[in-house]
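See structure below.
Worth knowing before you read on, the calculation uses all heavy atoms, side chains too, and leaves out hydrogens, waters and symmetry mates. Since the structure is predicted, the reported quantities are computational estimates derived from the model, not experimental observations. For ligands, and for the atoms within them, numbers begin at 1 and follow the listed sequence.
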Amino acid sequence: MWRPRGTKSTVRIYDKSSSPTSLFHCSSFKDVPELCNEEDKPTQPTRVVVYFTSLRVVRPTFEDCRAVRSILRGFRVSIDERDLSMDSGFLTELQQILGQSQGKVTLPRVFIGGRYVGGAEEIKQLHEIGELKKLVEGLPPAEPGVCDACGGYRFILCDECHGSHKLFVEKSGFKSCTACNENGLIRCPSCSSAPL
Ligand SMILES: [Zn+2]
Ligand SMILES: [Zn+2]
């Protein structure tokens with residue numbers, strides 16, 4: 001209640017004078033129709049990306065992740081599975097995509113062709129009504145066999161620190177290795193892809 005709400009005319013002036021590239025608060029709303037029309041312009045590589053956890057700490061979450069992965073694997077299309085328990089960088093990535101800077105992100109989260117599809121409930125529902133099949137239609141098939149470089153783990157041991165995530169520096173002693181994640185792992189260069 002700082003200002004009276006009778007100043008709409010000034011807002012309109014801003015609307016007319018602003019260039020299309022200007023960054024206003026409303027830019028987030030502009031993104032919505034663009035996301036909806038993504039089918040028209042195939043700029044994103046079409047693939048399935050699943051953010052999940054392989055930790056059994058939270059049982060329902062673990063079960064949801066397993067169920068969703070097995071549903072998706074049933075279609076035999078190429079799936080980029082991103083295990084948050086392997087790399088906390090995936091959590092940051094996911095929070096950025098969903099626009100949630102804080103709070104817990106529920107897992108799993110599924111993206112198909114660069115579009116957010118949903119979590120466990122959505123995937124199960126779409127699968128039941130046959131819609132999921134349509135979404136993955138035309139996607140590249142799953143690679144036969146497992147990746148030679150990482151054995152299907154999608155991560156390899158860091159060369160710099162040999163997986164210890166620590167480096168010994170003559171003068172200052174041990175410091176964290178900057179080449180790898182908190183587990184001393186780096187994403188497999190042969191089979192891991194860039195963020196969405
Ligand atoms: Zn690999
Ligand atoms: Zn390292």
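- Among the backbone and side-chain atoms of Cys161, an N/O/S atom is found under 2.8 Å from the Zn ion (ligand 2).
- Seen from the Zn ion (ligand 1), atom SG of Cys150 and atom SG of Cys191 lie 100° apart in angle, a value rounded to 10°.
- Between Ala179 and Glu160, the shortest heavy-atom distance links the atoms CB-CG, 3.5 Å.
- The closest donor-acceptor contact from the side chain of Arg109 to the backbone of Thr106 lies under 3.5 Å.
- Side-chain atoms of His165 come within 3.5 Å of backbone atoms of Asn181 as a donor-acceptor pair (strictly under, hydrogens ignored).
- In summary, no N, O or S atom of His165 is located under 2.8 Å from the Zn ion (ligand 2).
- A cation-pi arrangement is present between Arg69 and Phe52 under the rule of less than 6.0 angstrom and at most 45 degrees off the ring axis.
- When rounded to 10 degrees, the angle formed at the Zn ion (ligand 1) by SG (Cys188) and SG (Cys147) equals 110°.
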